[in-house]
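Remarks on the structure that follows.
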2 protein chains.
Amino acid sequence: MGEPTIRDVARRASVSVASVSRALNGLENVRSETRDRIMAAVTELGYVPNAAARSLSLSRAHAIGVVLPDLHGEFFSECVRGMDREASRRGYLLLLSNMHDDSEQSAMALRAMRGRVDGLLVMAPHIAPASLERALPQALPAVLINAPGEVTSRPGLRIDNRAGVDAMVRHLLDSGYRNIVHVAGPDGNVDAQERAGAFRDAMQRLAPDLPARIMAGDFTEEGGAAAAQEILEGDAPIDAVFAANDMMAIGCLHALRAGGKRVPEDIGVTGFDDVPLARYLDLTTMRVRIADIGARAVARLVDMLDGQGPGDGTELQAPELMARSTTMPRAASSAVPRA
Amino acid sequence: MGEPTIRDVARRASVSVASVSRALNGLENVRSETRDRIMAAVTELGYVPNAAARSLSLSRAHAIGVVLPDLHGEFFSECVRGMDREASRRGYLLLLSNMHDDSEQSAMALRAMRGRVDGLLVMAPHIAPASLERALPQALPAVLINAPGEVTSRPGLRIDNRAGVDAMVRHLLDSGYRNIVHVAGPDGNVDAQERAGAFRDAMQRLAPDLPARIMAGDFTEEGGAAAAQEILEGDAPIDAVFAANDMMAIGCLHALRAGGKRVPEDIGVTGFDDVPLARYLDLTTMRVRIADIGARAVARLVDMLDGQGPGDGTELQAPELMARSTTMPRAASSAVPRA
DNA sequence: TTGTAGGCGTTATCAT
DNA sequence: ATGATAACGCCTACAA
């Protein structure tokens with residue numbers, strides 16, 4: 001004899017399984033005396049409904065599948081944390097699965113979710129939209145997180161890199177910096193590309209007369225240090241470095257100081273992301289509330305499942321400027337032209 | 001019409017559902033010609049087996065429930081990361097759920113997992129063993145992670161705080177420090193208690209003639225700074241601070257340096273955990289491989305589920321000494337008595 | 001208000 | 001090798 005079933009409860013309470021089901025699901029049409037007998041039987045037997053049977057019958061699992069890439073760092077942990085918060089608030093469970101580079105295995109992972117989840121949250125920054133579209137069961141509602149490109153027909157959630165870069169460029173100009181260089185992230189990365197493109201545009205728009213230099217980088221601390229070295233040895237009169245992420249900014253910061261530069265007086269340094277280390281080092285950067293993105297993704301998905309929200313379109317999450325000590329405090333009266 | 005079922009496949013391939021099931025599960029007793037027809041039908045229809053129906057029939061879900069506390073920081077993210085790695089390797093899915101302080105809701109969360117998971121991984125550093133034992137469905141195999149006390153009848157996994165503290169005390173003594181103070185963590189925390197107790201014991205055993213001072217702390221950077229302040233203003237000749245975690249060690253480090261002390265010459269500083277910031281600041285500490293604990297927990301649970309491992313007892317995960325620049329390099333010839 | 005019975009999609013046990 | 005069919009545990013018309 002395994003776990004007690006609804007039948008055992010019915011027998012014990014001398015009622016039919018239908019009544020037990022009704023009582024358990026809080027339907028009104030059960031005499032309160034009957035309900036009491038049933039509840040007593042439930043606790044006596046330690047009965048717990050079987051979720052598999054339930055989802056089979058209802059074709060509703062009250063669970064959300066989360067598909068993440070293989071290498072999950074800070075970003076994914078944070079994101080899942082936000083999802084978890086919102087999901088448990090809404091009474092949903094989270095089912096985790098990671099998407100390997102191997103598209104064969106990815107398909108497997110997605111299959112394994114069929115029947116256990118009502119919808120999907122997909123974090124796939126490096127999967128091509130087309131192959132993603134192909135792998136996703138089209139019957140399953142899904143929200144895409146930080147997916148490259150807008151081409152997909154699914155609702156999505158993204159960091160508003162453009163707005164973030166804009167705010168940072170504005171801050172640098174307002175603080176009096178004039179010769180700004182952007183250290184970009186790796187080519188393959190969507191965020192890196194967006195940030196670099198947005199930098200060029202922002203400079204063009206906010207300070208068309210100033211040069212908008214862009215150097216190559218790789219999102220690593222060493223990459224940032226290398227860029228700094230190049231700046232130190234070069235003859236361009238750089239007075240601010242805007243790195244595409246915090247780790248590069250930190251590498252930069254150290255290398256510049258080691259090279260005898262005063263930060264922020266001689267040269268300003270800024271990053272993007274606001275990782276814990278950035279706050280610790282008092283680095284000026286753009287804070288990205290990743291957990292909020294995760295929470296919002298769950299919220300949108302659940303709304304779709306409940307038939308409430310329209311759910312279409314890509315929603316942008318605006319980063320927030322954290323002006324700290326690696327840039328000069330904003331001058332009271334600025335000569336910078338506003339857009 | 002919803003998703004295609006096994007019946008649709010059977011119809012399309014002009015065979016019975018039994019044959020389809022057999023073919024899909026790789027049983028041998030299917031003519032290869034029949035199998036081909038079935039597989040063709042499967043791809044044509046885009047059929048994917050329904051996991052709920054499958055678990056109902058097999059009473060096996062191929063999923064593992066992960067129960068975490070509400071406030072999950074670095075520790076939990078890391079742990080889940082390790083679980084995820086091992087689970088996907090073994091063909092299991094991870095079902096996340098968090099255990100609120102409210103024991104009512106916790107019970108609910110556990111109930112919701114009935115039927116969808118084959119076993120449980122429970123991270124509950126602050127739940128009393130007794131109430132934990134009561135909340136867990138006794139029919140469900142479970143592995144406890146960092147649970148307080150050995151009293152439970154469940155197999156468990158813990159950080160070997162005792163071995164870690166031992167190694168650190170040995171390192172400090174070997175490095176020539178003689179007046180060591182331990183800054184403890186908060187009272188409620190199991191790891192904090194173990195570390196403090198182990199410190200007392202280690203000093204008693206390795207250097208019975210030296211004082212084994214313990215100060216109160218709270219695992220925060222500010223707490224560490226406060227302890228440092230007390231040391232700076234006190235008259236005890238402290239030459240080493242062994243904080244119960246890295247954040248306190250870091251707070252200490254800054255406060256001591258701000259107070260004019262040279263580290264490691266005047267005073268040594270060490271932590272516990274090896275958080276990313278510790279490596280960054282070159283802090284001597286004990287590395288705890290949290291992800292490995294998570295992975296190992298999955299491995300043990302799956303072994304239990306497959307009826308392989310005995311699974312009993314609490315397994316300890318030994319931390320690793322990371323000797324860095326906040327302690328003096330170990331003297332070639334040491335006068336410290338070995339145990 | 002309560003009970004009977006069919007169905008949800010699979011697997012497994014029988015026959016054939 | 002293949003096909004019927006009874007579970008698995010639950011929900012829900014439909015009847016009473």
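Lettering of chains follows the sequences in order, A, B, ..., and the numbering in each one begins at 1.
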Rounded to whole Å, the CZ-C1' distance (B:Arg60 to C:dT11) equals 15 Å
CG of B:Leu56 versus C1' of D:dC10: gap in Å, rounded? 8 Å
Give the rounded distance in Å between these two atoms: CG of A:Leu27 and P of C:dT2. 12 Å
Closer to the 5' end of DNA chain D via nearest nucleotide, is it B:Arg35 or A:Asn25? B:Arg35
Let me know the distance between CZ of A:Arg11 and C1' of D:dG9, rounded to the nearest Å. 13 Å
Out of D:dC10, C:dT4, C:dG9, minimum distance to the side chain of A:Ile6 belongs to D:dC10
Whichever of B:Ser32 and B:Arg114 has the more 5' nearest nucleotide on DNA chain D, that residue is B:Ser32
Nearest listed nucleotide, side chain of B:Arg31, among C:dT1, C:dG3, D:dA1: D:dA1
Spacing of B:Asn50 atom CG relative to C:dG7 atom P, expressed in whole Å: 18 Å
Can you measure A:Met113 atom CE to C:dG9 atom C1' for me and round it to whole angstrom units? 20 Å
At under 4.0 Å between heavy atoms, what does A:Ser59 touch on the DNA or RNA strands: base, sugar-phosphate, or nothing? nothing
Within less than 4.0 Å of OP1 or OP2 of C:dT11, is there a side-chain N or O belonging to B:Ser21? yes
Whichever of B:Val20 and A:Ala53 has its nearest DNA chain C nucleotide further upstream toward 5': A:Ala53
Donor-acceptor pair, distance only, cut-off 3.5 Å: does the side chain of B:Asn50 make one with the backbone of B:Ala52? yes
Under the side chain to side chain contact (heavy atoms under 4.5 Å, CB included) test against B:Asn146, which residue among B:Val122, B:Val190, B:Asp191 passes? B:Asp191
Can you tell me how far CD1 of B:Ile64 sits from CG of A:Leu96, rounded to the nearest 0.5 angstrom? 12.0 Å
Length of the line joining B:Asn29:CG and C:dA12:P, which is rounded to integer Å: 12 Å
Below 4.0 Å: OP1/OP2 of D:dC11 and any side-chain N or O of A:Arg54: yes
Would you say B:Ser16 reaches D:dG3's phosphate, i.e. side-chain N/O to OP1/OP2 under 4.0 Å? yes
Rounded to the nearest Å, what distance is computed from the CZ atom of residue B:Arg111 to the C1' atom of nucleotide D:dC10? 17 Å
Using every non-hydrogen atom in the two residues, find where A:Leu316 and A:Ile159 come nearest and quote the distance to one decimal. CD2-O, 4.2 Å
Any donor-acceptor pair under 3.5 Å linking the side chain of A:Thr43 with the backbone of A:Ala40? yes
A:Ser55 vs D:dC10: side-chain N/O to OP1/OP2 distance below 4.0 Å: no
Okay, side chain of B:Asp8, backbone of B:Thr5: is any donor-acceptor separation there less than 3.5 Å? yes
Distance-only donor-acceptor test, B:Arg22 side-chain atoms vs D:dG3 base atoms, 3.5 Å: yes
Hey, is the side chain of A:Ser57 poking within less than 4.0 Å of OP1 or OP2 on C:dG7, counting only N and O atoms? no
On the nucleotide D:dG3, are OP1 or OP2 found under 4.0 Å from the side-chain N or O atoms that B:Ser19 carries? yes
